[in-house]
Amino acid sequence: MSWAELASTALVGTDRRPYEGELLADAAVEVARRRAGRAPRRDGEPPGAAPEEEQAAVSRRAGERLVRIMGGEHERLLPEWLAAAADTGRRVPPYALPGLLDRGARDRSIRAHLGVLAGRRGRWLASLNPAWAYLLEEPTGQTWELGGAADRRAHLRRLRASDPEAARLLLESTWEEETPGDRAEFVEVLADGLSMADEPFLERALDDRRREVRQQAANLLARLPASRLAGRMAARAAACLTIAAGVITVEAPHACDKAMERDGIRAKPPRGTGERAWWLQQLIARAPLSVWPHPPGRLLAMRVPEWDAEVKAGWVRAAVLQRDPEWARAMFAWDPIADLLSALGPAEQQELAAAFVHRHDVDSQLIMVLGGVSPHWRDGLATAVLAKIVKVAATQPWNLGELAKLAAERIDPALGEAAGHYSPEPAVQRVAAVLRFRADMLEELR
C-alpha cells in the first residue's frame, strides 16, 4: 500500500479526527518501516514504541490543507505554511509526516521548521529511516545545555534578541569546546544586536583556525565603524584611493599579506577575476563607509579612470555588508541589485521596488528585485505589480509566469478581494484566488 493510500485510509472515520487516532499512528509507522527497508508488520504485531506527543496538533482543516499543498495544490506555498505553523508551536498530524519528511529529504530549504512541526513521533520515525535522519539535526526547542547544534543556535538567537550581552557571554563560556563548524554559525547569530561590546570577542575570533569563523567575524566587525578592523581597513582604503577635483585615483593592492587575510580578505580570486581587482573589491567592501569624504551620490558622479567597476562593486558590497540605508539607496539607483534591499526597511523596499516595476520590463532582473522584497506586499507594490501583469498580459502573455506566481505568493493575502476587483484579466484573477487561498490557510493556523 502506498503512502497516499495509507493516508486516505487514515482519513476515514466517523468522527474525522485523524490526529491522535491509532489508525493514523499505525499507518505512519507502517510507511516508516517500509521506507526503512524493514518487513511489514504481521497482523496483530504491535506497532512499536511511538512516544506520546507533548504538543497539540494543528487544526483538522489546517492539516488537510497541508496534504493538499503537498499533493500539488499551490505547492510553492509550503514554506509559508510551515513557517506559520511553526510560529504557533503546534505539530503536523501523523498521517502527513511521511510525505513531509520525504520532501524535507529532497529540499533542505524547508527543514528549519520541521524539527518543531514533526513532534516526538516525527523524530521517532526519523530514527527508523536513514533518509529522514536529517530531522534529528533540526531545532526542537531544547536548551543550550541539552540541545543539538541547531537547538543551541535557536536558543542563542532567542537570547540574543532579548539580552545581547548575555548571549555573547554564553557563547564565550563554551567557545573553546565548540566545533569549528558550529563556531562559524554561532558568530553569525551575533549580527542581531551587534554593538561595540562584541568587538573584543570578534577581534579574537579573527585568529580562529577556521576560515569561515574569520570571515563571519570580519563581516560583523566591518559593521562597527569604531572597531579596530574598521580602522585598519580605513587606512588601507586611504592608501589605495585618492579623491581630488572630482576624480577618484586608484592604486589597487599589489599583494594580500597575512594581516589582510586575518581581516577577512580572501587571497584567491574567483575564476575570471584578477587578483588585484579581487583584493580591491574586498578592501573597499570592509572599509567603513564613513571614511569617504562625500555622500554616495556625489561619489558615483565622479570619474574613476582605472578600476571603476571594482570600486563600485566594492561600494555595493559595503552597503549590503554594513547595512547602510543611505548607501543602499544610492547604489540601488545606480544598479538595482536585489541584495541592496536587505539594508532597507520593508516599507522602503516596497517603495523602491514599485518604482522599479513601473519603469522596467519583465525580465530576470525585475524578478530578482521583487524576490528581494520582504512579504507581505502592501497596496503600492501590489498595485504596481498587478498593473504590470495586466499590461504584459495584453502584449506578452507568455512572459507572465514567474511574475504572477511571485505576486500570488508575496502580496498581503488580506488584499485578495481588492486584487479580485482590480481587473477581470484572468492572470489577475488567478493571483486573487491564490491570495484568498493563503488568507484561509493562515486563518486556519491561528
Pair R120 + E52: basic N to acidic O under 4.0 Å: no
Value rounded to 0.5 Å, distance of NZ in K405 from CG in L403: 11.5 Å
Exercise: identify the closest heavy-atom pair between V213 and A184: CG2-N, 3.6 Å
Note, V116 side chain near Q55 side chain (heavy atom, < 4.5 Å): yes
Atom pair NZ (K388) and CG (L366), whose distance is rounded to the nearest 0.5 Å: 7.0 Å
Gap between atom CD1 of I265 and atom CD of Q282 - 0.5 Å precision: 4.5 Å
Minimum heavy-atom distance E310-Q281, with the two atoms named: O-CG, 3.6 Å
Close side-chain approach of E64 and R60, heavy atoms under 4.5 Å: yes
Beyond-backbone contact of I243 with L299, side-chain heavy atoms, under 4.5 angstrom: yes
E444/R61 ion pair, N-O < 4.0 Å: no
Rounded distance [0.5 Å steps], CG in D102 versus CG in L97: 11.0 Å
Heavy-atom pair of closest approach, residues V373 and R410: O-NH1, 3.0 Å
Expected output: side-chain Q322 to main-chain L289 donor-acceptor under 3.5 Å: yes
Close side-chain approach of W315 and L300, heavy atoms under 4.5 Å: yes
Greater than 12 external heavy atoms within 6.0 Å of E306's CD: no
Salt-bridge contact R276-E251 (side-chain N to carboxylate O under 4.0 Å): yes
Side-chain touch W334/L340, heavy atoms, less than 4.5 angstrom: no
Electrostatic pair E326:R329 at N-O distance under 4.0 angstrom: no
R168 to F201, cation-pi by 6.0 Å centre distance and 45° axis angle: no
Non-hydrogen atoms of L190 and R160 that approach each other most closely: O-NH2, 3.0 Å
Side-chain heavy-atom pair L114, W132 within 4.5 angstrom cut-off: no
Carboxylate-amine/guanidinium proximity below 4.0 Å for R153 and E178: no
Any side-chain heavy-atom pair of L100 and M70 under 4.5 Å: yes
Residues L78, L66; criterion side-chain contact (heavy atoms from CB on, under 4.5 Å); working and verdict: CA-CA 8 Å; L78 178 61; L66 170 61; 3.6 Å; yes
Contact summary for D208 and R214, nearest pair of heavy atoms: O-NH1, 2.9 Å
Salt bridge flag under 4.0 Å for residues R204 and E172: yes
Greater than 12 external heavy atoms within 6.0 Å of E177's CD: yes
Over 12 foreign heavy atoms within 6.0 Å of NE2, H254: yes
E409 side chain reached by V434 side chain, heavy atoms, under 4.5 Å: no
All ring pair (Phe, Tyr, Trp, His ring centres under 6.0 Å) counterparts of H113, not counting sequence neighbours: none
Non-hydrogen atoms of A167 and L156 that approach each other most closely: O-CD1, 3.4 Å
Separation between CZ of R430 and CG of L435, rounded to the nearest 0.5 Å: 13.0 Å
R298, CZ atom: more than 12 neighbouring heavy atoms under 6.0 Å: no
Atom pair CZ/CD of R378 and Q350 - distance to nearest 0.5 Å: 8.5 Å
More than 12 heavy atoms of other groups within 6.0 Å of D107 CG: yes
Charged N-O contact under 4.0 Å between R286 and D263: no
Residues R232 and E203 bridged, charged N to O under 4.0 Å: yes
More than 12 heavy atoms from other groups under 6.0 Å of CZ on R303: no
